[in-house]
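Inspection log for the structure reproduced underneath, given as structure tokens.
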Amino acid sequence: MMNRHLRKAVVATAVITAGLLMTACQNDDVEDGASGTGGTGVEASASGNAKGVSGSFKNGKVTYLAPGKYIVSVPGKDDQQFFVADDTEVYGAGTVCGEAGAKVDAPCTLDQLEAAAKKDAVGADVEMKNGVATLVTERRAAQQGADSGSDSDSGSDSGSGSGSDSGSGETVVEGIDKGKGVNGTWFGNVSYLAPGKYTVSDTKGIEQAFFISEETEIWGAGDICGDAAGQSATECTEAELEEAAKKGVGAEVTISDGIATRITEDH
């Protein structure tokens, strides 16, 4: 009897020991998988470890992957995945947003970038930090394939003004700094883009981007500020314009070198 009980105890102990060993091996496998280094730069960036790629990707093609995720393909280099964030700056030249014939690039939204990249690859230059794009600048039609991947800003400013300034791929901010912004008066709906950046769209829905400055005069008639029943317009603040433009407001906008000098709400 003792021998029989002893044999049962030995067998039970062996089974328990085998089970513990299998569990330990499984835990080791999970831990090894979690700590592996085979993830892509995009995955590392998404996890907040700041292991993503940083650098400039000129003369590339941007393709949509998934919400907030893209690939930029540059001749002679491997395709690079990247993310966009709320603070990613996007500028268009007719495909993402804006007008193809405009002298400076227009600020675009992330939704506009996504919509354009879903239709087809967008020619663009991408500035990247830790796997996240800080700047995506659409390349103009005349630029597509013109560069060999290196910066070639020189030699394009000597033209007669018939679009030669676009060869540098400058953003709307850089263009305004050089006095290249648009000039004129627009009547339409004013919409908010980003702090200090707006668009005004005409009856055909064509949008013109512009900036405001401390010298911009803003006059309201009930929507931006003031009283709709008042006989005269009321001078408004930039904060009041921003709040109204986030909803959309009709106004007359006078622009000089890409910066609004006066915004007058429609009565």
Side-chain angles (χ1 to χ4, degrees), residues 42-43 45-46 52 57 60-73 79-102 104-141 143-144 166 169-176 181-182 186 188-212 223 238-239 241-251 253 255 258 260 263:
V42 174
E43 291 168 346
S45 176
F57 295 80
K61 291 282 188 180
V62 173
T63 304
Y64 175 83
L65 272 182
K69 301 179 183 179
Y70 298 83
I71 287 179
V72 58
S73 304
D79 291 351
Q80 178 59 52
Q81 298 183 33
F82 67 92
F83 284 86
V84 294
D86 290 341
D87 56 354
T88 300
E89 294 186 44
V90 182
Y91 292 95
T95 300
V96 180
C97 74
E99 297 183 39
V104 294
D105 302 330
C108 311
T109 65
L110 295 178
D111 287 340
Q112 289 172 319
L113 173 63
E114 179 175 315
K118 278 182 175 179
K119 294 179 182 178
D120 198 3
V122 177
D125 298 336
V126 181
E127 298 289 336
M128 208 177 300
K129 183 176 182 181
N130 295 331
V132 179
T134 58
L135 176 65
V136 179
T137 305
E138 178 188 342
R139 298 179 64 80
R140 297 175 181 275
Q143 291 179 273
Q144 303 298 336
S166 64
E170 64 194 11
T171 66
V172 66
V173 178
E174 293 166 342
I176 288 173
V182 297
W186 281 259
N189 187 65
V190 174
S191 300
Y192 173 83
L193 273 181
K197 304 176 185 179
Y198 298 81
T199 62
V200 56
S201 58
D202 59 19
T203 55
K204 296 180 181 179
I206 299 176
E207 294 184 332
Q208 174 59 53
F210 66 91
F211 286 79
I212 61 172
D223 287 334
E238 180 180 340
L241 172 65
E242 179 176 316
E243 183 177 355
K246 285 180 178 179
K247 303 174 183 177
V249 59
V253 182
I255 302 174
I263 300 173

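Only this structure's heavy atoms are used, side chains among them; waters, hydrogens and symmetry mates stay out.
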Q: Walk me through it: do Val190 and Phe210 pass the test side chain to side chain contact (heavy atoms under 4.5 Å, CB included)?
A: CA-CA 10 Å; Val190 174; Phe210 66 91; 4.1 Å; yes
Q: Go through Thr109 and Leu193 one step at a time and tell me if the side chain to side chain contact (heavy atoms under 4.5 Å, CB included) criterion holds.
A: CA-CA 7 Å; Thr109 65; Leu193 273 181; 3.8 Å; yes
Q | Criterion side chain to side chain contact (heavy atoms under 4.5 Å, CB included) on Val90 and Gln112, from CA distance to verdict | A | CA-CA 9 Å; Val90 182; Gln112 289 172 319; over 6 Å; no
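Of all non-hydrogen atoms in Asn189 and Gly250, the two that sit nearest each other are OD1-N, 4.0 Å. In plain terms, the two heavy atoms of Pro107 and Lys197 that are nearest each other are CB-CD, 4.4 Å. In plain terms, the two heavy atoms of Ile71 and Ser73 that are nearest each other are CG2-OG, 3.9 Å. Contact between Ala260 and Ile212 at its shortest, heavy atoms only, is CB-CG2, 4.2 Å. A pairwise comparison of heavy atoms in Val136 and Ala124 identifies CG1-CB, 4.1 Å as the closest pair. Annotation for Ala117 and Thr63: closest pair CB-C, 4.5 Å, computed over non-hydrogen atoms.
Rounded to the nearest 0.5 Å, atoms CG (Asp79) and NZ (Lys61) are 13.0 Å apart. Annotation: the span from Leu241 atom CG to Lys246 atom NZ amounts to 11.0 Å, rounded to 0.5 Å. If you take CD on Glu127 and OG1 on Thr88, they are separated by 12.0 Å, rounding to the nearest 0.5 Å. Note that OH of Tyr91 and CD of Glu89 are 4.0 Å apart. Values are rounded to the nearest 0.5 Å. In this structure, the separation between NZ on Lys118 and CG on Leu113 is 11.0 Å, given to the nearest 0.5 Å. Distance check, rounded to the nearest 0.5 Å: CG of Leu135 to CG of Asp125 gives 8.5 Å.
The side-chain contact (heavy atoms from CB on, under 4.5 Å) with Glu207 is formed by just one residue from the set Cys108, Cys97, Ser201; it is Ser201.
Using a 4.5 Å heavy-atom threshold, the side chains of Met128 and Val72 count as touching.
Ring-plane geometry between Tyr198 and Tyr192 is classed as perpendicular, the angle between the planes exceeding 60 degrees on a 0 to 90 degree scale with a lower cut at 30. Using cut-offs of 30° and 60° for the angle between ring planes, the Tyr70 and Tyr64 rings count as perpendicular.
Within a 6.0 Å radius of CD in Glu243, no more than 12 heavy atoms belonging to other residues, nucleotides or ligands are found.
A distance-only check finds no donor-acceptor pair linking the side chain of Gln208 to the backbone of Trp186 [under 3.5 Å].
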